[in-house]
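Right, one structure below, let's go through it.
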Amino acid sequence: MHIISMKDKNASFPETNGPRETDFNEIIFDEVSEIAKKTFGIKFLYPWQRLVIANILDAVQDPEENEFCHQIVLLPTGAGKSMCFLVPAVILKKPTLIIYPLLALMADQQRRMQEAGLKSVVLRGGQSVQERENILEQIKQGVNIILANPEVLQNKTLVQQLAECGIQHIAIDEAHCVYEWGSSFRSSYLTLGNIAEQLHSPVVTAFTATASPEVLQQISKILFKGNAHIVQSASDRPNIHYHVINCYNKKKQALKLAVKSEKPVLLFCGTRKKAEDMARELREYYKDDSVKFYHAGLTKEEKTAVENWFYPKENAYLCATVAFGMGIDKKNIRTVIHVEPSSSIEAYIQEAGRAGRDGKVSNAYLLWNPDDKVRTLKNERTKLIARYAESKTCRRQFLLDALGGENAVCSGCDICDTGKPAPFAQDAQTALHFIKKYRRLYDKNQISSALIKEFNRQDCKNFNICIWEHRDMEIIMNLLEKNEFIKTMKFPWKGKIDITKKSF
C-alpha cells in the first residue's frame with residue numbers, strides 16, 4: 001500500500017474549517033467547484049476532497065496509466081466523504097455504483113440526493129422482477145447513481161446486467177465494515193473485490209472515517225489484493241473534547257450527565273433493552289416528548305419516524321444502539337455519551353464522531369466501570385478500549401495513535417484539562433465513605449436504604465427530584481463487594497457490612 005497523507009502537506013493545504021467568507025471570491029471556480037456549489041450548496045471543497053475527486057476523474061479517463069484506480073480514502077467523520085463520490089457521479093457520463101452497509105442509510109442518502117435534484121435508483125433484496133427491470137431501464141435512460149448493499153450484489157444475473165451498463169466508478173462507503181463484519185456475520189463483504197472485477201469498473205474507491213493500519217491493510221487485501229493507494233487526511237477532530245467518567249451505576253450517571261450536558265444528546269447503549277431502559281429513565285425525569293430510543297428491532301416506519309423527529313430537534317435526547325450511527329448527518333449533536341463501551345477503538349471514534357459535525361465544540365463521554373474492564377480484556381479488538389479508558393495520558397493522542405500515530409496538540413480532554421487521569425468512581429466513593437463511617441452497624445439492605453437517603457440528599461438540590469432508588473444501590477453494593485472493597489461479616493457481626501483493607 002502507498003499512503004498519500006494530507007498531513008504532510010500542511011504548508012500547501014492548511015487544515016482549517018475552510019476559507020473565510022471574505023476569501024470566497026478569491027477562489028478560482030473550476031467545474032468541480034461549480035458542481036459542488038450549484039448541486040450541493042457546498043461553498044468550498046477541502047484540499048483532500050479535491051485530491052480524491054481528481055484521482056477518480058483522472059483514473060476514469062485513463063485507467064491503464066493511472067495508479068489511483070484503487071484507492072482507500074480515510075477522512076474523519078464530518079469531513080465530507082460523500083462529496084468525493086457524488087461530485088464525480090454528476091460529472092461522469094456513465095453510472096456510479098455506491099455500496100452502503102445499511103438499507104436505512106441507503107434510503108437516507110437517496111432522500112438527500114433527491115433534495116439536491118439528483119436522480120438515483122436503489123437495488124435491494126425483495127424487489128420483484130418487474131421492479132428490477134424498471135430500475136435497469138432507468139439506468140439505460142441516464143440515471144447515473146446506483147445505490148446497493150453487498151448482499152444484493154450476490155445475485156450473479158444482476159451483476160452481469162450491471163456490467164453491461166458500463167459502471168465507471170464503484171464507491172464503497174463505510175469500508176471498515178469489510179473487515180469488521182465480513183469475517184463474522186456479513187460474508188458478502190468479502191466478495192466485493194471479485195464483484196468489482198466482474199463489473200469491469202475502471203475505478204474503485206473505498207471510504208472510511210476510522211481505520212487503524214491493520215484494518216487498512218485488511219481492506220486493501222480483501223478489496224484490492226493488497227494493491228491500493230491510501231489517501232489520508234489528518235484524523236483529529238479538534239472540536240470534540242474527550243472524557244472518561246468512572247462510575248458504578250452507569251444508568252444514573254448517564255442520566256445526571258445528560259441532564260447537565262449541552263443538547264442535542266446522543267446516548268449509545270449496548271443492547272436494545274438498555275436503550276429502551278435508558279430512554280425510560282430520562283422520560284421519568286423530563287416527562288415530555290424530548291426523549292426517544294432507536295435500535296434495529298424497530299420497524300422501518302418506526303425508525304423513519306424517530307429519525308424525522310430527531311433531525312430538526314435542538315433540545316432532544318436519543319438513546320440508541322449502534323444501529324443509529326454510520327452515515328447519520330445531524331450536524332448539531334453537542335454531546336455523545338457511551339453508556340457502554342464500543343466494540344473497538346475504531347468504532348468508538350466513529351460513534352463519538354457523531355458529535356460536532358458542524359465544527360462547533362462538542363463533548364464525547366465514555367462511562368466506565370470494573371465490569372467493562374473484565375469484558376473488554378477478553379477480546380483483542382476491545383483491549384484498546386480498556387487501555388483508552390484507563391489511560392493516564394492525553395486521550396486525543398491515544399485515539400490518534402490507534403489510527404496510525406498522528407501527533408496533535410490536545411484541544412480538550414479530561415486528562416489534559418485537569419492534569420490528572422479520571423478519578424475513582426464518585427458514586428462508589430460516596431458509598432465507601434458512608435460504610436466506613438458506619439462499619440459493621442448495618443446489613444446490606446439497611447445500608448442500601450441509608451445510602452438512598454444520602455445520595456438523594458446530595459443530588460436533589462441539583463435535579464429537584466429524588467433520582468436514586470433501591471435497585472441503584474444494589475448495583476453499587478454488588479460491584480463494591482465483587483471488587484473486594486466491602487465484605488459481609490461473620491460472627492460476631494454476622495451479616496453486617498464492613499470495608500476491606502483495599503478500601504483504606
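Just so it is clear, the values below take in all heavy atoms, side chains as well, and ignore hydrogens, waters and symmetry mates.
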Which pairs pass ring pair (Phe, Tyr, Trp, His ring centres under 6.0 Å) with one or both residues in residues 124-175, sequence neighbours excluded? none
Considering residues, nucleotides and ligands other than Arg387, do more than 12 of their heavy atoms fall under 6.0 Å from its CZ? no
Under a 3.5 Å threshold, yes or no: a donor from one side chain and an acceptor from the other, between Tyr294 and Glu302? no
Which of parallel (below 30°), tilted (30 to 60°) and perpendicular (above 60°) describes Phe324 and Tyr311? tilted
What are the two closest non-hydrogen atoms of Pro88 and Ile53, and how far apart are they? CG-CG2, 4.0 Å
Counterpart residues, salt bridge (Lys or Arg N to Asp or Glu O under 4.0 Å), relative to Arg132 (two or more places apart): none
Whether the Trp368 and Glu390 side chains hold a donor-acceptor pair (N or O, under 3.5 Å, no angle test) is what I'd like checked. yes
Is there a donor in the side chain of Thr208 and an acceptor in the side chain of Glu174, or the other way round, less than 3.5 Å apart? no
With a cut-off of under 6.0 Å to the ring centre and 45° to the axis, is Lys263 in cation-pi contact with Tyr317? no
Evaluate the ring planes of Phe207 and Phe85, with Trp represented by its six-membered ring, and classify them as parallel (under 30°), tilted (30 to 60°) or perpendicular (over 60°). perpendicular
Does the side chain of Gln218 come under 3.5 Å of the side chain of Glu214 through a donor N or O and an acceptor N or O? no
What are the two closest non-hydrogen atoms of Ile146 and Leu123, and how far apart are they? CG2-CD1, 3.7 Å
Closest heavy-atom pair, Pro95 versus Gly166, reported as atoms and distance to 0.1 Å, is CD-O, 3.9 Å
Val204, Ile172, Asn194 screened by side-chain contact (heavy atoms from CB on, under 4.5 Å) with Leu223, the one that passes: Ile172
With a 3.5 Å cut-off and no angle check, do the side chains of His243 and Asn363 form a donor-acceptor pair? yes
Taking atom types as modelled, is there a side-chain donor on Lys313 or Asn315 under 3.5 Å from an acceptor on the other? no
Lys119: partners by salt bridge (Lys or Arg N to Asp or Glu O under 4.0 Å), with sequence neighbours left out: none
Would you please say whether a donor-acceptor pair under 3.5 Å links the side chains of Ser33 and Arg50? yes
Report yes or no: is the cationic atom of Lys292 (NZ for Lys, CZ for Arg) under 6.0 Å from the centre of the six-membered ring of Trp309, at an angle within 45° of the ring normal? yes
Taking the ring centre of each residue, are Tyr242 and Phe398 less than 6.0 Å apart? no
Pair up each side-chain donor or acceptor in residues 152-159 with any protein partner under 3.5 Å, not counting sequence neighbours, and list the distances.
residue : atom : partner : partner atom : Å
Gln154  : OE1  : Thr191  : OG1          : 3.3
Gln154  : NE2  : Pro150  : O            : 2.9
Gln154  : NE2  : Thr191  : OG1          : 2.9
Asn155  : OD1  : Thr157  : N            : 3.0
Asn155  : OD1  : Leu158  : N            : 3.0

Does the side chain of Gln198 pick up a donor-acceptor pair with the side chain of Gln160 at under 3.5 Å? no
Ser188: partners by side chain to side chain donor-acceptor pair (under 3.5 Å), with sequence neighbours left out: Glu151
Would you say Gln61 has more than 12 foreign heavy atoms packed within less than 6.0 Å of its CD? no
Donor on one side chain, acceptor on other, Gln138 and Asn134, under 3.5 Å: no
May I ask you to say whether Arg283 pairs ionically with Asp288, meaning some side-chain N is under 4.0 Å from a carboxylate O? no
Check the side chains of Glu351 and His338 for a donor-acceptor pair under 3.5 angstrom, ignoring hydrogens and angles. yes
Salt bridge (Lys or Arg N to Asp or Glu O under 4.0 Å) partners of Lys360, counting only residues at least two apart: none
Closest heavy-atom contact between Pro202 and Cys69? O-CB, 3.4 Å
Ignoring hydrogens and angles, state whether a donor on the side chain of Thr335 or Glu262 is under 3.5 Å from an acceptor on the partner side chain. no
Which pair of non-hydrogen atoms, one from Ile135 and one from Gln127, has the smallest distance, and what is that distance? CD1-NE2, 3.5 Å
Strictly by modelled atom types, are Ser411 and Arg396 linked by a side-chain donor-acceptor pair under 3.5 Å? yes
Taking all non-hydrogen atoms of both residues, which atom of Leu367 and which atom of Cys247 are closest, and how far apart? CB-SG, 4.1 Å
